[in-house]
Asks: 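This is the structure I want to talk about, given as structure tokens.
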Amino acid sequence: MLIRRLLVPVAAGIGLAGCVAYQEPVVYAPQPRPIYAPAPAPAYYAPPPERVYVQPRPRRYWVPRRCDAWGRCRGGYWR
């Protein structure tokens, strides 16, 4: 176990010894260029909805005053 712990880092060091980080720019890589964000889209305004006919509220309606258990109402007033 001790030999394995000593040999693995040595073998990894020998294997990575040939790796060299290139300092020169790579020829086949594209040159960096500025990236521009697209112009914002214009704000969308929905057209106004079509007019719909709505029945007007009645001017006056009957308000019952007293109703019994059978649904009969006596008295009341117009509002």
Side-chain angles (χ1 to χ4, degrees):
M1 187 73 168
L2 182 61
I3 295 174
R4 185 180 242 176
R5 285 188 180 181
L6 292 175
L7 288 179
V8 170
V10 172
I14 292 171
L16 294 175
C19 296
V20 178
Y22 291 101
Q23 298 297 327
E24 298 177 13
V26 182
V27 177
Y28 57 84
Q31 295 296 323
R33 57 188 175 90
I35 298 175
Y36 299 103
Y44 173 74
Y45 294 103
E50 296 180 9
R51 290 180 175 259
V52 178
Y53 175 77
V54 179
Q55 186 176 6
R57 289 180 43 202
R59 291 186 183 189
R60 295 176 53 177
Y61 58 95
W62 181 254
V63 179
R65 193 167 294 212
R66 281 176 267 134
C67 299
D68 58 11
W70 294 275
R72 295 179 300 208
C73 299
R74 292 188 178 88
Y77 56 93
W78 288 97
R79 176 174 276 182

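Here, residue 1 is the first one in the sequence, and each next residue gets the next number.
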Asks: Does anything in residues 62-71 pair up under side chain to side chain donor-acceptor pair (under 3.5 Å), and if so which pairs, sequence neighbours excluded?
Replies: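 Residue pairs with at least one partner in residues 62-71: Asp68-Arg72.
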Asks: Under 3.5 Å, which donor-acceptor pairs do the side chains of residues 33-61 form with other protein atoms, sequence neighbours left out?
Replies:
none

Asks: Does any pair with a residue in residues 49-79 pass disulfide bond (SG atoms under 2.5 Å apart), and if so which ones, sequence neighbours excluded?
Replies: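 Those involving residues 49-79 are Cys67-Cys73.
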